[in-house]
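One structure, as structure tokens, below. Some questions next.
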Amino acid sequence: MVFQLFSLSSKLSTPFNRRVLTVRYSLIHQKVNWFTMASSSVSQASETPSNDFVNVFSEANKIRTLVALESRGKGFRIPQCISDKLIRKAAVLIPLCINMNGEPCFLYTLRSLKLSKHRGEICFPGGVQDPEDSDEVATALRETQEELNISKESIEIWSVLHTMPTATTLMGVTPVLGLIKEPLDTETLKVNPEEVEKAFTVTFKHLCDKENWGHTQLIKGFGMPIYKNMKVYHPPDQYSQPLGLSSSSDDEDPGNQQPRDVRLWGLTAILTHVVLEALLPKTYTRRTSSPLLKFSSSKQSGPPGQGPSKI
């Protein structure tokens, strides 16, 4: 299940409820604020950062990463005026893993092309919190097992990040950072075809390469990262343009049998950026100093989380 942050650009030119626009604009502002604080605080971690991919999941780098993320979390809290508008809770797992070539990766899913909304978009596994779920971690693990058949026992939970508000659904999404303990072969995963079209990994090396970076600017003054050049999937010909896929001329050719360029954006891209910057602050050199990004900082802080550290 995917939660896209920004779908306001198409609505700005048409009349709609002014109060809803104000709330959603505030949600975007808070998300940009969180995004900036996460990036600016990573360098404050005191331990020597890892600068290669070999030791990225070592215990020492794990501790340094969590310290970096925690320093960001101390300054972020959703204002009451926004949290009161959130009508549902959800959680996603940010799955770190090692592929069969021994490379560190993120695990992503492509939403089923059968779905009526957000089909073909890239996301992390996750979904709406059930009444039976004890907390956000339980939600993320349950959804991951339902979508990808990856058991909770095979995942080491690292941390719980602060809840993120979405602009389009007024939902509070809590990211849960975890490591899949064993090397992962996505071709052997038994995905749920009703929710997932394909599961795939993208290496940290690919995501750290500047040639694979881009940005979106849906509202003047607000830009967010995207990642591109991920030719991991070729959808059936009857689906011409899922939202997560590029629109190059090659992709529009129904006879083209090459994988299409899947692009990563929205909330999933933001979380990817934040985690990469914490894990690999020397190797991953992308920063938020772009003039497209304008922020203000919050001095509010929330109470400490329970269970895994909430950062």
Side-chain angles (χ1 to χ4, degrees), residues 1-8 20 23-24 26-28 30-31 34 76-95 106-152 155 157-178 180 189-199 242-244 264-272 274-275 302 305-308 310-311:
M1 187 170 186
V2 68
F3 307 96
Q4 292 297 349
L5 298 182
F6 307 114
S7 66
L8 296 181
V20 172
V23 170
R24 290 185 173 178
S26 298
L27 292 174
I28 291 175
Q30 285 299 313
K31 241 175 299 298
W34 179 88
F76 177 81
R77 186 179 183 181
I78 302 174
Q80 192 69 32
C81 63
I82 293 179
S83 62
D84 288 344
K85 304 296 183 182
L86 302 179
I87 57 178
R88 289 189 296 175
K89 295 181 180 180
V92 297
L93 179 71
I94 306 175
F106 286 103
L107 172 63
Y108 299 101
T109 67
L110 197 71
R111 276 175 60 87
S112 173
L113 301 182
K114 302 176 183 178
L115 297 173
S116 59
K117 296 181 180 180
H118 305 300
R119 69 177 188 177
E121 294 182 359
I122 301 176
C123 60
F124 289 126
V128 176
Q129 191 171 43
D130 282 352
E132 296 79 14
D133 295 335
S134 58
D135 54 20
E136 301 95 337
V137 173
T139 300
L141 292 176
R142 174 183 55 76
E143 288 283 346
T144 300
Q145 183 151 16
E146 290 177 2
E147 294 179 17
L148 302 175
N149 200 32
I150 297 176
S151 68
K152 62 181 181 180
I155 300 171
I157 298 300
W158 279 22
S159 185
V160 179
L161 280 68
H162 272 290
T163 299
M164 298 289 293
T166 65
T168 57
T169 60
L170 298 181
M171 182 180 296
V173 181
T174 302
V176 178
L177 182 61
I180 299 175
L189 289 177
K190 298 178 180 179
V191 302
N192 178 353
E194 298 302 315
E195 297 188 60
V196 177
E197 190 71 22
K198 183 179 177 64
L243 294 180
L264 175 60
W265 65 291
L267 175 57
T268 308
I270 291 174
L271 295 175
T272 296
V274 169
V275 173
Q306 302 297 321
K310 190 162 187 173
I311 57 181

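We number each residue from 1, following the sequence as shown. Hydrogens, waters and symmetry mates are skipped; everything else that's a heavy atom, side chains included, is used. Quick caveat, the model's predicted, so the values are computed rather than measured.
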* Euclidean distance, Leu107 CG relative to Ile150 CD1, rounded to 0.5 Å -> 5.5 Å
* To do: State, yes or no, whether a side-chain contact exists between Leu271 and Val92 at a heavy-atom distance under 4.5 Å.
  => yes
* What distance separates Glu197 CD from Lys114 NZ, expressed to the nearest 0.5 Å? -> 7.5 Å
* To do: Over all heavy atoms of both residues, which pair between Leu264 and Thr272 is shortest? Give the atoms and the distance, please.
  => CD2-OG1, 3.7 Å
* Asked: Given side chains that start at C-beta, do those of Thr268 and Glu121 come closer than 4.5 Å, heavy atoms only?
  -> no
* Are the side chains of Glu195 and Glu143 in touch, meaning some heavy atoms are under 4.5 Å apart? -> yes
* Rounded distance [0.5 Å steps], CD in Glu147 versus CZ in Arg142 -> 9.5 Å
* Structure fact -> Value for CG (Leu189) from NZ (Lys198), rounded to nearest 0.5 Å, stands at 10.0 Å
* Candidates Thr174, Val173, Thr139 - the one meeting side chain to side chain contact (heavy atoms under 4.5 Å, CB included) with Gln129 -> Thr139
* Under the 3.5 angstrom rule, does the side chain of Asp130 hit a backbone N or O of Glu132 as a donor-acceptor pair? -> no
* **Value rounded to 0.5 Å, distance of OG1 in Thr109 from CG in Leu93** => 10.5 Å
* Asked: So Tyr108 and Phe124, would you call those rings parallel, tilted or perpendicular, with 30° and 60° as cut-offs?
  -> parallel
* To do: For side-chain contact (heavy atoms from CB on, under 4.5 Å), just list the numbers for Lys89 and Thr163, CA-CA rounded to whole Å, side-chain angles, deciding distance to a tenth of an Å, and then say yes or no.
  => CA-CA 9 Å; Lys89 295 181 180 180; Thr163 299; over 6 Å; no
* Structure fact -> OG (Ser151) and CG (Leu141) are apart, to the nearest 0.5 Å, by 9.5 Å
